[in-house]
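Right, one structure below, let's go through it.
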There are 2 protein chains.
Amino acid sequence: MGGLIDAAVAVRHTPFVDQIIGAAPGGGFRPVTEAILTELAGLCGAANVIAEDAKALARYGHDQVPEERYAHAPEVVVMPGSTGEVVEVMRLATRERIPVTPRGAGSGLSGGAVPLFGGICLSFERMNRILEIDTKNLVAVVEPGVVTNKLDDALRPYGLFFAGYPMSEEFCFIGGNIAENAGGGRAIKYGVTGRYITGLEVVLPSGEVLSLGGKRLKDVTGYDLVSLMVGSEGTLGVITKIFVRLMPRPSYRATTAALFADARSAMAVVPAIMTGGRIVPTSIEFIDRSSLAEACKQLHETIPYEEAGAMLLLEVDGTHESQVRADAEALRAVCRTHSPLALILAESDAESDRLWKIRKSVPWALKRRTPDQSIEDIVVPIAAIPDLLEEFRRLEGIYGVAIPCFGHAGDGNLHAHVQKNPSWPREEWEAREPGILTELYEMVARLGGTISGEHGIGHKRKPYLPLVMSDRQIELMRQIKRAFDPAGILNPGKIFD
Amino acid sequence: MGGLIDAAVAVRHTPFVDQIIGAAPGGGFRPVTEAILTELAGLCGAANVIAEDAKALARYGHDQVPEERYAHAPEVVVMPGSTGEVVEVMRLATRERIPVTPRGAGSGLSGGAVPLFGGICLSFERMNRILEIDTKNLVAVVEPGVVTNKLDDALRPYGLFFAGYPMSEEFCFIGGNIAENAGGGRAIKYGVTGRYITGLEVVLPSGEVLSLGGKRLKDVTGYDLVSLMVGSEGTLGVITKIFVRLMPRPSYRATTAALFADARSAMAVVPAIMTGGRIVPTSIEFIDRSSLAEACKQLHETIPYEEAGAMLLLEVDGTHESQVRADAEALRAVCRTHSPLALILAESDAESDRLWKIRKSVPWALKRRTPDQSIEDIVVPIAAIPDLLEEFRRLEGIYGVAIPCFGHAGDGNLHAHVQKNPSWPREEWEAREPGILTELYEMVARLGGTISGEHGIGHKRKPYLPLVMSDRQIELMRQIKRAFDPAGILNPGKIFD
């Protein structure tokens with residue numbers, strides 16, 4: 001073990017680490033000239049083009065990735081109002097060789113919507129209409145700029161819901177959810193965004209419009225291009241219309257918080273619930289010791305968190321109250337066989353919300369501790385989570401960084417915030433972070449995991465992709481990209497070079 | 001309406017119709033020589049190479065598509081025993097420019113596993129091992145030649161199951177299910193095969209091995225190549241290992257048969273169950289009047305089918321008996337509001353099986369009526385099913401063909417058997433069938449549907465793909481194919497040319 005630690009202590013310098021330290025745009029694109037601005041204003045309306053206001057442009061130059069070095073402002077923001085306008089903008093961009101970066105709400109966590117090479121930011125805030133709620137076919141048709149919760153509100157009166165949505169549902173756009181194949185706190189039962197997308201209208205960089213799928217719920221005619229578009233981070237085409245499969249809205253839920261002495265005991269519960277309990281919970285969220293303490297302190301929470309090494313937040317939902325109660329009881333019975341320190345049952349919606357507030361506060365509580373942190377999105381096979389947590393502790397011991405973590409234990413997707421060693425100046429943190437992340441990712445790969453479960457690669461994780469993916473696989477993706485975007489103008493510099 | 005019918009009566013002749021009437025292999029491939037046979041025997045063992053026995057070769061020249069004209073025998077059948085052997089066979093095939101067609105159990109219904117250009121049939125009957133049942137990660141690792149029900153049997157003791165399987169589960173191979181993204185009678189609740197595939201080992205035509213995904217349950221690192229492989233009909237790579245996500249096995253089920261005066265009344269029940277009832281049933285199967293009569297007659301079934309215009313077979317399942325009973329009662333309450341002629345509740349597993357036997361007998365009962373039929377796999381938005389059925393009746397009226405249908409109403413996927421006009425000699429049927437199918441498919445496209453929901457395109461439906469897909473989309477698929485298989489040796493002549 002000594003040798004391993006020694007090797008790890010040295011600051012790592014590999015070619016791809018240098019890439020992110022010294023990243024500089026380029027790429028042979030042409031600048032956005034006055035003439036092009038005039039043309040864009042003609043296409044979409046002058047009020048829907050932002051070009052002069054540097055402060056406004058800067059707002060479109062980042063997502064929720066905290067580090068400033070991942071930001072880059074566009075030369076112009078264009079807010080199209082229709083598919084036809086997107087077609088015209090893409091034709092112009094192809095003709096003029098100007099990069100185009102589609103953007104949702106900017107709630108991403110990988111820099112996917114950052115216009116790395118300047119050019120046009122194609123912002124979908126105006127294409128925010130729910131075009132149809134088709135209750136007979138159980139499909140909604142929406143534009144990409146619809147806020148996830150707005151669709152949810154519109155579906156409630158029909159007893160329906162869109163089941164695949166992320167934890168940023170209060171502001172994220174559905175188009176962005178699809179671009180990143182967003183997950184969230186209910187994916188263990190309901191799956192991620194992609195499961196509910198039955199069709200897409202896509203504008204190619206050339207301006208051609210593809211109609212993929214539609215209101216039909218099954219389709220095996222040719223390759224699954226809908227699934228290929230989902231999670232492609234806006235690199236293959238611009239999504240302009242979305243067909244969303246709707247599901248019956250669950251009427252009841254039951255939330256339980258379970259505190260355990262350590263993470264290993266907590267995680268042993270997960271497969272036991274699914275096998276012994278024969279239950280697929282809606283959520284199995286995990287919060288580690290320090291994340292829990294941080295969130296509870298900031299919330300002045302009175303649950304007995306001080307002794308706990310980990311908390312699980314468990315939820316079941318369903319149509320019948322009696323069934324939901326029975327599932328919740330069965331789930332708690334499984335927890336009891338794993339010696340919990342405490343089992344806290346929410347007896348009302350307000351109490352459920354209180355428990356969820358602990359979970360939802362974690363990222364903000366951790367962010368308040370230090371702005372110098374890398375928000376990670378590790379995913380491993382669920383049984384590897386205890387080993388993953390031990391590796392986090394090992395890295396903490398070596399580097400003096402903190403790696404609190406939390407997230408979706410039910411599907412093995414943990415958000416670890418790698419936080420600066422307090423004794424380091426920011427420059428040292430920025431210099432050493434790539435080496436620490438490299439070591440982290442290599443360890444994750446050894447555990448059978450990968451570097452993103454739901455946030456995407458964007459350009460933040462791009463240098464590290466070869467740690468978890470073969471050159472051949474990256475080359476295949478590159479060839480697919482070329483088929484869709486031969487000129488390479490669509491969201492350049494993302495996922496791979 | 002008169003003009004429409006007149007236009008339809010004329011036998012249709014379009015360029016792509018001529019393609020299938022006069023289809024002849026070619027493609028610039030080299031023949032399998034004695035020297036190559038010797039080399040293949042050296043790679044996989046002489047006992048695992050079939051070349052001389054024409055009868056045996058013919059068995060590998062067709063799937064379950066009944067028409068003989070879709071069959072074509074391979075020059076040699078090779079049964080590899082390991083990924084390493086597949087790698088060697090693919091290297092040889094690339095070097096010698098010999099086409100390779102991977103084959104599962106031959107249970108397909110689109111000619112996907114037919115070696116259209118001869119060459120090597122790569123049969124997976126020996127790679128039939130369940131490599132691991134990992135109950136902690138809720139993942140099974142299997143070879144492609146595992147029979148679906150064999151995996152089910154192996155999972156039962158653990159209280160787990162593989163939820164995404166087709167109705168041919170007694171003989172189909174999991175590798176083939178993935179190649180076609182097979183659906184089945186439980187897809188409305190559990191989804192189709194692809195939902196449960198978390199990882200694949202794939203051998204490219206070059207012999208390179210890709211490891212896509214694994215035991216992790218979420219993954220957004222780069223494009224979703226697992227989903228791209230699923231349903232690609234063996235045209236992009238050879239699947240040699242499969243990671244299957246496991247789910248808690250439901251302990252109880254409740255089956256109901258509902259007879260209605262007509263199809264429209266029956267189909268109105270489907271969205272009502274999902275919205276009003278807030279239930280996602282395991283199955284909503286539909287059987288039309290003539291399919292029901294045919295199956296019931298052959299089974300000497302005593303349910304009151306003579307008056308019925310349609311039957312729905314509804315099933316719910318779950319972990320708790322009380323919940324399943326409640327769901328079944330809620331579901332029947334919805335049926336009652338749609339004036340059923342009869343509601344038949346299965347009170348035991350034996351009675352459930354009896355009702356399912358009616359459904360499962362339909363394809364065989366229809367096949368016994370005439371061998372001259374085209375088995376279709378139409379999918380439309382669920383609310384369009386009544387219109388689809390009226391269109392079937394219209395085509396019957398025009399051509400004197402019969403178009404009984406049945407299938408998965410819950411997801412809009414109906415199997416229609418287009419059966420020869422009894423007055424036509426077989427030659428006339430074969431000449432007129434492409435025109436009738438063209439008219440059928442154009443109508444399906446107008447209803448927002450497509451030509452295959454779960455059987456695939458293979459080469460049976462290949463000429464018709466342009467009726468439901470743009471040239472640009474087909475060209476994009478072709479470019480993806482080229483990225484994976486630049487020499488075009490893997491399952492050539494399938495999906496598109």
Side-chain angles (χ1 to χ4, degrees), chain A residues 135-138 158-160 180-181 183 192 208 210 214-224 227-228 231-232 247-249 251 271 274-275 278-280 319-320 323 326 379-383 411-413 448-454 456-457 465 468-469 472-473 476-477 479-480 483 495, chain B residues 135-138 158-160 180-181 183 192 208 210 214-224 227-228 231-232 247-249 251 271 274-275 278-280 319-320 323 326 379-383 411-413 448-454 456-457 465 468-469 472-473 476-477 479-480 483 495:
Chain A
T135 57
K136 289 204 160 46
N137 284 309
L138 298 166
Y158 301 100
L160 295 169
E180 303 296 333
N181 199 11
V192 295
E208 292 160 294
L210 291 182
K215 288 186 178 177
R216 49 192 183 262
L217 303 180
K218 282 162 93 176
D219 187 344
V220 293
T221 49
Y223 304 151
D224 185 355
S227 292
L228 185 63
S232 65
M247 302 294 285
R249 193 178 190 90
S251 324
M274 305 271 281
T275 52
R278 298 205 183 181
I279 294 165
V280 184
T319 306
H320 305 296
Q323 165 232 326
V379 59
V380 292
I382 49 178
D411 45 34
N413 183 202
T450 190
I451 60 178
S452 184
E454 58 183 27
I457 301 302
L465 196 62
V468 291
M469 197 173 278
R472 188 72 184 92
Q473 189 173 340
L476 280 170
M477 297 197 303
Q479 287 176 271
I480 292 169
I495 310 180
Chain B
T135 57
K136 289 203 161 47
N137 283 309
L138 298 166
Y158 301 101
L160 295 169
E180 303 296 331
N181 199 11
V192 294
E208 291 161 295
L210 291 182
K215 289 186 178 178
R216 48 192 184 262
L217 303 180
K218 281 163 94 175
D219 188 344
V220 292
T221 48
Y223 303 151
D224 185 355
S227 292
L228 185 63
S232 64
M247 302 295 285
R249 194 179 189 88
S251 323
M274 305 271 280
T275 52
R278 298 205 183 183
I279 294 164
V280 184
T319 305
H320 304 297
Q323 164 232 326
V379 60
V380 292
I382 49 179
D411 44 35
N413 183 203
T450 190
I451 61 177
S452 184
E454 59 181 28
I457 300 302
L465 196 62
V468 291
M469 198 173 277
R472 189 71 184 93
Q473 190 174 338
L476 281 170
M477 297 198 302
Q479 287 175 271
I480 292 169
I495 309 180

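Everything numeric in this text was worked out from a predicted model, so none of it was measured. Both backbone and side-chain heavy atoms feed into the values below; hydrogens, waters and symmetry mates do not.
Taking chain B as the reference chain and counting heavy-atom pairs below 4.5 Å, the highest number among A:Glu208, A:Gln479, A:Arg278 is found for A:Arg278. Chosen from A:Gly231, A:Gly214, A:Gly412, A:Gly222, the residue pairing most often with chain B at heavy-atom distances under 4.5 Å is A:Gly222. Ranked by heavy-atom pairs shorter than 4.5 Å toward chain A, the options B:Ala383, B:Gly159, B:Pro271, B:Gly453 are led by B:Gly453. Most heavy-atom pairs under 4.5 Å with chain B: of the set A:Leu138, A:Asn181, A:Leu228, this distinction falls to A:Leu138. For the set A:Val192, A:Thr450, A:Ile480, A:Asp224, the count of heavy-atom pairs under 4.5 angstrom toward chain B peaks at A:Thr450. The choice from A:Val379, A:Thr221, A:Leu465, A:Leu217 that makes the most heavy-atom pairs within less than 4.5 Å of chain B is A:Thr221.
Of the atoms belonging to A:Ile495, it is side-chain heavy atoms, and not backbone ones, that fall under 4.5 Å from chain B. Using a 4.5 Å cut-off between heavy atoms, A:Met477 touches chain B through backbone and side chain atoms alike. If you measure heavy-atom distances from A:Asp219 to chain B, the contacts under 4.5 Å come from both the backbone and the side chain. With a 4.5 angstrom heavy-atom cutoff, A:Val380 touches chain B only via backbone atoms. Of the two parts of A:Tyr223, the backbone and the side chain both hold a non-hydrogen atom closer than 4.5 Å to a non-hydrogen atom of chain B. Both the backbone and the side chain of A:Ile451 come within less than 4.5 Å of a heavy atom in chain B. If you measure heavy-atom distances from B:Asn413 to chain A, the contacts under 4.5 Å come from the side chain alone.
No side-chain heavy atom of A:Pro248 sits less than 4.5 Å from a side-chain heavy atom of B:Ile279. Within the 4.5 Å cutoff, side-chain heavy atoms of A:Leu210 are placed close to those of B:Leu476.
Of the inter-residue distances, the one linking A:Gln323 atom CD with B:Thr319 atom OG1 reads 8.5 Å to the nearest 0.5 angstrom. In this structure, the separation between NZ on A:Lys215 and CD1 on B:Ile382 is 11.0 Å, given to the nearest 0.5 Å.
Side-chain atoms of A:Ser227 never come within 3.5 Å of backbone atoms of B:Ser227 as a donor-acceptor pair (strictly under, hydrogens ignored).
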Practice item. Give the C-alpha distance, both sets of side-chain angles, the deciding distance and a yes or no for side-chain contact (heavy atoms from CB on, under 4.5 Å) between B:Val220 and A:Glu180. Key: CA-CA 7 Å; B:Val220 292; A:Glu180 303 296 333; 6.0 Å; no

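Nearest heavy-atom pair across B:Ala483 and A:Arg472 is O-NH2, 3.9 Å.
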